[in-house]
Amino acid sequence: MSNVKAALDILEAKAPGFKAEVAMVLGSGLGGVVEAVSDAISISYEDLPGFPKPTVVGHGGTLVLGRIGGVSVAVMQGRAHYYEHGRSDLMAEPLETLHALGAERLILTNAAGSLMPDAVPGSLMLITDHMSLFGPNPLIGYHGEDRFVGMDVPYDPDIGSGLHDTAAKLGIKLFEGTYCWCTGPSFETPAEIRALKTLGADAVGMSTVPENILARRLGFKVAAVSNITNLAAGMSATPLSHEQTLEMSKTGSANLIKILLQYFSGSA
Ligand code: HPA
């Protein structure tokens, strides 16, 4: 049975009448975005049926409702990853809940490794396309005709150009590229990264793609930004680790907060 109705009842009790315009999912080290939310009401995922209980350090486990600039937002601080439970559909009910709360736009953020030598740690990359080659599609098992989601334009060009223009005004370089979802939790090998480079990947990470697919089925307009925490395996002498990912996310995170604040102020 769906938990969406139960979660909506709890949200209505905590934040009566609240309607979201934009939903967001924050990745590793990006929890600082919630500090930009005004009139914030925070609800632990523990209290929200269907919301994932994060098992990863750096992934908060809180839903924050409020405003950024002139826009009402529902921010998920923390997500479920395929590698935690072997299921790629664990974000289905949270996304359905946020959609039912009124959100039509979804902004996904993640930490990612870069396959572009210029996009060094601390850079941001707007995801313009993705590759979902290694994990199961989250819609496997859905029975409606709406499971056949068109993926020719997976990321919304209007939100993308809005974020791009905003970054340019702020003097922040926003790279663009294709994100490849690898299941994790181990990082990729240098040989895998060489292969992904040949296939056309610009960044690699362990999330976001299942959420994009689930969200597109619901009718969300989706944008996504990668916070580049490292050059991908084999591209630098620094060994990859989750600690490094968290540490290196700080510069990108600070810039992403600036972009989102400015973007929402302009798009109210
Ligand atoms: N690979 C996969 N996921 C990641 C990486 C990476 O290099 N960096 C941050 N998340």
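Atoms within a ligand are numbered from 1 in the order they appear, just like the ligands themselves. Just so you know, these numbers come straight off a predicted model, no measurement behind them.
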For residues 220-234, which side-chain N or O atoms pair as donor and acceptor with protein atoms under 3.5 Å away, sequence neighbours left out?
unit_1	atom_1	unit_2	atom_2	d
Ser226	OG	Asn110	OD1	2.7
Asn227	ND2	Ser249	O	3.0
Thr229	OG1	Ala112	O	3.4

Subject >> Chi angles and distances behind the side chain to side chain contact (heavy atoms under 4.5 Å, CB included) call for Ile127, Glu176 >> reply: CA-CA 6 Å; Ile127 299 179; Glu176 287 194 359; over 6 Å; no
Original post:
Without hydrogens or angle criteria, can the side chains of His81 and Glu84 be said to hold a donor-acceptor pair below 3.5 Å?
Top reply: yes
Considering only N or O atoms, set out every pair between ligand 1 and the protein closer than 3.5 Å, with distances to one decimal place.
unit_1	atom_1	unit_2	atom_2	d
ligand 1	1 (N)	Glu188	OE1	2.7
ligand 1	1 (N)	Glu188	OE2	3.4
ligand 1	7 (O)	Asn230	ND2	2.9
ligand 1	8 (N)	Gly113	N	3.3
ligand 1	8 (N)	Asn230	OD1	2.7
ligand 1	10 (N)	Ala111	O	3.4

Original post:
Listed by chain and number, what are the salt bridge (Lys or Arg N to Asp or Glu O under 4.0 Å) partners of Lys250, not counting sequence neighbours?
Top reply: Glu247
Original post:
Sequence neighbours excluded, which residues qualify as salt bridge (Lys or Arg N to Asp or Glu O under 4.0 Å) partners of Glu188?
Top reply: none
Subject >> Atom of Gly135, atom of Ser132 and distance for their closest heavy-atom approach >> reply: O-OG, 4.4 Å
